[in-house]
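Quick notes on the structure that follows.
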Amino acid sequence: MVRILVVEDEEEMNHSLCLFLRQAGYDVKGCLSADEASDYLFDHSADMIISDIMMPGTDGFSFARQVRSRDKDIPILFLSARDDFTAKEKGFHIGIDDYLTKPVDLDELELHVSALLRRAKISSSQTITVGDVRLDAEEHAAYIGDEEVPLTTREFDIIFKLLSYPRKTFSRTQLMDEFWDMGRDATTRTVDVYMTRIRSKFADTDAFSIETVRGLGYKVVIRA
């Protein structure tokens with residue numbers, strides 16, 4: 001599921017945005033400050049960021065710079081009461097992808113979110129095709145050619161995530177946070193066991209490989 005990080009210091013607005021986006025089918029994490037969001041991103045992954053500009057402490061501009069220094073591809077959408085060209089220009093020069101002025105029409109927001117995710121080739125209902133491998137999120141099924149690969153739900157979700165971001169390294173902690181419930185008895189060794197299983201199930205294809213990044217985690221390298 002696509003995860004959206006909402007950074008908005010006004011608590012009621014934050015709650016409304018998160019609730020609306022969850023009802024639209026997204027996994028949403030709300031943060032009340034840029035510093036809280038930065039701490040969250042240190043150990044967790046997100047597919048898109050929606051951020052206010054004017055916030056106590058670190059503002060949206062500085063937060064966007066921090067994000068872009070680590071990830072040049074993640075879509076960033078600014079929501080702001082500032083409707084001046086200078087603020088928009090500064091944001092786009094930093095590397096944001098879109099800008100909406102408050103008060104925000106939520107239906108319009110969803111259109112912008114969908115467009116940004118589509119542009120970034122991220123979708124909660126997309127089909128990923130790499131060589132002779134096809135992953136269908138709606139069917140929750142994977143195929144090599146015409147043969148279905150027997151995957152558990154968690155195995156499918158993990159490989160779908162990795163193939164959505166080829167060459168991006170995901171730490172074991174990030175994968176544990178996203179695919180194992182909090183409080184479950186999962187360790188980094190559990191992640192390694194799952195990766196071994198997934199590699200084995202896709203051993204008959206040369207379309208991609210799952211590579212271990214020593215001391216960090218895993219990434220997919222496309223070969224087809």
Side-chain angles (χ1 to χ4, degrees), residues 1-5 21-29 40-49 70-71 73-75 113-114 116-224:
M1 182 181 292
V2 173
R3 177 177 294 178
I4 298 177
L5 179 63
L21 291 167
R22 288 189 185 107
Q23 291 173 341
Y26 300 105
D27 179 17
V28 187
K29 168 64 178 178
Y40 176 82
L41 289 172
F42 186 78
D43 288 321
H44 307 81
S45 62
D47 300 298
M48 180 179 178
I49 295 172
R70 301 191 300 262
D71 190 330
D73 297 319
I74 185 170
V113 168
S114 297
L116 286 174
L117 292 172
R118 187 167 57 250
R119 193 181 308 161
K121 298 182 180 179
I122 304 166
S123 169
S124 58
S125 62
Q126 76 184 87
T127 297
I128 297 176
T129 302
V130 180
D132 59 348
V133 173
R134 178 170 61 89
L135 303 183
D136 190 316
E138 292 186 358
E139 294 182 12
H140 227 71
Y143 302 88
I144 299 177
D146 295 326
E147 295 294 321
E148 185 170 356
V149 181
L151 297 175
T152 66
T153 298
R154 183 175 287 129
E155 289 168 349
F156 177 88
D157 289 341
I158 291 171
I159 190 59
F160 192 91
K161 185 73 172 185
L162 292 175
L163 279 172
S164 295
Y165 301 90
R167 304 200 71 84
K168 177 175 180 177
T169 299
F170 288 90
S171 71
R172 292 173 176 84
T173 301
Q174 286 176 317
L175 295 171
M176 285 173 59
D177 173 74
E178 184 156 353
F179 299 114
W180 277 266
D181 295 336
M182 295 297 292
R184 290 284 183 89
D185 187 22
T187 66
T188 55
R189 175 59 183 158
T190 307
V191 178
D192 294 337
V193 169
Y194 267 78
M195 287 302 180
T196 298
R197 291 178 185 169
I198 295 169
R199 279 173 170 153
S200 175
K201 292 181 179 183
F202 286 94
D204 292 336
T205 181
D206 295 324
F208 66 88
S209 62
I210 301 173
E211 299 193 359
T212 303
V213 181
R214 188 176 180 86
L216 292 176
Y218 295 91
K219 67 178 179 180
V220 154
V221 175
I222 304 297
R223 301 194 182 282

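Here K29 does not pair with E178 in a salt bridge; the nearest charged N to carboxylate O distance is not below 4.0 Å.
Residue F179 holds its CZ atom at 9.5 Å from CZ of R154, rounded to the nearest 0.5 Å. With rounding to the nearest 0.5 Å, the separation of CD1 in I128 from CG in D136 is 10.0 Å. Between atom CE of residue M195 and atom CD1 of residue I210 there is a gap of 6.0 Å, rounded to the nearest 0.5 Å. Note: H140 NE2 to T153 OG1 = 4.5 Å, rounded to the nearest 0.5 Å. Rounded to the nearest 0.5 Å, atoms OG1 (T190) and CG (L175) are 12.0 Å apart. In this structure, CG in L162 is found 7.0 Å from CD1 in I198, a value given to the nearest 0.5 Å.
Atom CZ of R70 has more than 12 neighbouring heavy atoms from other residues, nucleotides or ligands inside a 6.0 Å radius.
Remark: the backbone N or O of T196 is not paired with any side-chain donor or acceptor of S200 at under 3.5 angstrom. Between the R172 side chain and the D192 main chain, no donor and acceptor come within less than 3.5 Å of each other. E147 places no side-chain N or O within 3.5 Å of a backbone atom of I144 that could act as its donor or acceptor partner. Looking at T187, its side chain does come within 3.5 Å of a backbone N or O of R189 through a donor-acceptor pair.
Residues I159 and F208 meet the side-chain proximity criterion, which asks for heavy atoms closer than 4.5 Å. I158 places none of its side-chain heavy atoms less than 4.5 Å from the side chain of R197. A heavy-atom distance below 4.5 Å is found between the side chains of K219 and E211. Residues V220 and V130 form no side-chain contact, since every pair of their non-hydrogen atoms from C-beta on lies 4.5 Å or further apart. With a 4.5 Å cut-off on side-chain heavy atoms, Y26 and V113 count as touching. Taking 4.5 Å as the limit, some side-chain heavy atom of T212 sits within range of a side-chain heavy atom of R199.
Between K201 and L151 the shortest heavy-atom distance is CD-CD2, 3.6 Å. Nearest heavy atoms, M176 versus T188: SD-N, 3.6 Å. The nearest pair of heavy atoms linking S45 to R3 is O-CD, 3.0 Å. Across R223 and S209, no two heavy atoms sit closer than the pair NH2-OG, 3.0 Å. Across all their heavy atoms, A142 and F202 have their closest contact at CB-CZ, 4.0 Å. Contact between G131 and A207 at its shortest, heavy atoms only, is CA-CB, 4.1 Å.
A perpendicular orientation is assigned to the rings of W180 and Y194, their planes being inclined by more than 60° (bins at 30° and 60°).
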Decide side-chain hydrogen bond (donor to acceptor under 3.5 Å, both in side chains) for T173 and D43; before the verdict, give the C-alpha distance in whole Å, the side-chain angles of both, and the deciding distance to 0.1 Å.
CA-CA 7 Å; T173 301; D43 288 321; 5.5 Å; no
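Of the residues listed (D177, D27, D47), the one engaging K161 in a salt bridge (Lys or Arg N to Asp or Glu O under 4.0 Å) is D47, and it is the only one.
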